[in-house]
S.K.: 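Before I ask anything, let me first share the structure, which is written out below as structure tokens.
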Amino acid sequence: MGHTSLSQHQPHLKYLDHRELGALYWSVFIKGIGDSLISIFTAIYLLEIGFHLPEVAIFYILYFAICALGARFSMHLSQVWGVKKTLGTGTIVFIIYFFLLTRIPVGIPYWLVGIVYGCGASLYWSAFQLDLAAAIRSRTAGQSLSYIQILAISAGIIGPVFGALFIVHWSFAALFILVSAILAASLAPLLKRGDYQMPDEIPSWRSSLTASSPLKALRYGLYGATESAVDILWPVFIYLTYPHLVSIGGIVGLTSLLMLIVSYFAGKWADRSQILVYRTGILTGASTWLFRLLWLTPTGLLIGNFLGTATNSLVALTLDQSMYHDAKAGTSTPAILLFRTGYAAIGRIAVLAIACFINRLEVLFIITAVITLSQIFISTDNKAL
């Protein structure tokens with residue numbers, strides 16, 4: 001993701017002056033640079049070295065399953081070892097993962113690489129969520145979360161294009177090395193902060209999965225399903241439809257530029273009317289899946305990618321806002337975070353499992369449109385989710 005500096009905006013400076021969030025913001029910014037270089041190309045890499053859609057789906061099923069199942073252990077590490085140390089360990093595992101990706105063509109089982117990827121994500125994101133939940137302010141959570149989005153987007157406006165050029169002129173392996181170096185650098189802002197142990201008791205998975213309402217569980221699960229389609233199946237579709245890496249990078253990079261505006265104003269909007277932002281994202285998001293199948297030129301792919309990313313970000317922002325609000329208001333922050341992690345993983349895995357048996361992306365996108373639209377029926381009449 002990526003974008004121009006927002007330091008000229010006084011509201012942003014206010015949040016950067018909040019020391020706990022400031023370090024986290026800059027760490028996200030640097031990590032976002034690395035993510036933007038490679039995020040859309042991982043599935044494409046697997047296709048390039050000979051795998052097919054069902055095998056790519058299995059790779060990500062393992063990733064999401066391990067990430068979710070390991071979340072409780074990762075939070076336990078944050079409790080006894082330290083949040084920052086756990087986050088740093090996750091980053092190191094990510095670096096190992098990128099090395100193993102380069103070894104798949106010479107015999108490393110791709111499923112093992114997916115498991116390592118899930119381990120790194122479990123460590124990193126569990127610690128990240130605990131850190132953010134401890135620092136975020138409930139009253140302006142929408143703005144704080146939108147600034148996290150903005151910095152991650154801003155970090156990588158040119159990232160997808162640069163990543164594609166790196167692959168074309170050098171190799172995927174060279175790009176993996178570059179991304180690993182950037183991930184290591186993302187830890188620098190956090191080194192200025194002292195580490196701390198998570199004070200809350202880590203609940204069992206059983207109690208965590210009942211930490212909130214069945215309605216919210218369904219909401220997280222359905223969103224997880226659409227997120228898998230956006231982040232994994234859609235880039236594969238672009239590649240199979242228009243297999244030019246630099247053009248794909250340009251489409252994603254230009255989308256990120258447009259997303260700056262959306263993310264900035266969406267956060268303010270979500271703080272005023274969370275449910276309206278949620279419903280807008282659902283209704284517009286469902287229609288974009290059909291639009292994407294009808295206009296398959298580079299311009300159409302760009303517009304479809306932007307509309308899909310923008311609408312999905314509205315839903316993601318409001319669900320994150322709801323999760324962190326519940327985490328601060330409830331008796332157990334880890335329980336709420338594990339609740340979201342568990343049910344979102346079920347949705348993500350469900351869509352990818354369908355992809356293992358339905359090897360046609362057009363059909364999968366129609367299914368995703370129905371799943372997206374179904375979320376409107378579980379929204380409430382309240383102002384907040």
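Sequential numbering from 1 along the given sequence is applied to the chain's residues.
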S.K.: Hey, do the aromatic rings of Phe98 and Phe94 have their centres closer than 6.0 Å?
M.R.: no
S.K.: Within the 4.5 Å heavy-atom criterion, are Trp289 and Val230 side-chain neighbours or not?
M.R.: yes
S.K.: Check side-chain hydrogen bond (donor to acceptor under 3.5 Å, both in side chains) between Tyr223 and all other residues, then give those that pass, not counting sequence neighbours.
M.R.: Glu227, Asn312
S.K.: Going through the checks in order, is the side-chain contact (heavy atoms from CB on, under 4.5 Å) test met by Leu337 and Ser126?
M.R.: CA-CA 8 Å; Leu337 298 181; Ser126 293; over 6 Å; no
S.K.: Please identify each residue that fulfils side chain to side chain contact (heavy atoms under 4.5 Å, CB included) with Ile354, with sequence neighbours left out.
M.R.: Ile358, Leu364, Ile367
S.K.: Partners of Ser287 by side-chain hydrogen bond (donor to acceptor under 3.5 Å, both in side chains), sequence neighbours excluded?
M.R.: none
S.K.: Treat each ILVMFWY residue as a node, draw an edge where side-chain heavy atoms are under 4.5 Å apart, and state whether Val80 and Tyr124 are in one component.
M.R.: yes
S.K.: Could you tell me which residues satisfy ring-ring contact (aromatic ring centres under 6.0 Å, His included) with Trp170, sequence neighbours excluded, listed by chain and number?
M.R.: Phe166
S.K.: Taking only residues at least two apart or on different chains, which pairs with a member in residues 206-215 satisfy side-chain hydrogen bond (donor to acceptor under 3.5 Å, both in side chains)?
M.R.: Ser204-Ser207
S.K.: List for me each residue that meets side-chain hydrogen bond (donor to acceptor under 3.5 Å, both in side chains) alongside Glu48, sequence neighbours excluded, and say none if there are none.
M.R.: Tyr239
S.K.: Please list, chain by chain and in numerical order, all residues satisfying ring-ring contact (aromatic ring centres under 6.0 Å, His included) with Tyr110, sequence neighbours excluded.
M.R.: Phe51
S.K.: Compare all side-chain heavy atoms of Leu373 with those of Leu283 and state whether any distance is below 4.5 angstrom.
M.R.: yes
S.K.: Does the side chain of Tyr97 reach to within under 4.5 Å of the side chain of Leu183, using non-hydrogen atoms?
M.R.: no
S.K.: Is it the case that one hydrophobic cluster holds both Trp234 and Val370, taking links as side-chain heavy atoms less than 4.5 Å apart, direct or via other members?
M.R.: no
S.K.: Without swapping roles, check the side chain of Ser171 against the backbone of Ile167 for a donor-acceptor pair under 3.5 Å.
M.R.: no
S.K.: Quick check: do Trp81 and Thr89 have side-chain heavy atoms less than 4.5 Å from each other?
M.R.: yes
S.K.: Go through the structure and list residues passing ring-ring contact (aromatic ring centres under 6.0 Å, His included) with Phe41, not counting sequence neighbours.
M.R.: none
S.K.: Check ring-ring contact (aromatic ring centres under 6.0 Å, His included) between Phe64 and all other residues, then give those that pass, not counting sequence neighbours.
M.R.: none
S.K.: With sequence neighbours excluded, tell me which residues meet side chain to side chain contact (heavy atoms under 4.5 Å, CB included) with Ala65.
M.R.: Ile349
S.K.: With sequence neighbours excluded, what pairs up with Tyr63 under the side chain to side chain contact (heavy atoms under 4.5 Å, CB included) test?
M.R.: Tyr60, Tyr117, Ala121
S.K.: Same cluster or not: Leu37 versus Ile177, using hydrophobic residues (I, L, V, M, F, W, Y) connected whenever any side-chain heavy atoms lie under 4.5 Å apart?
M.R.: no
S.K.: Suppose we screen for side-chain hydrogen bond (donor to acceptor under 3.5 Å, both in side chains). Which residues come up paired with Ser122, at least two apart in sequence or across chains?
M.R.: Ser74
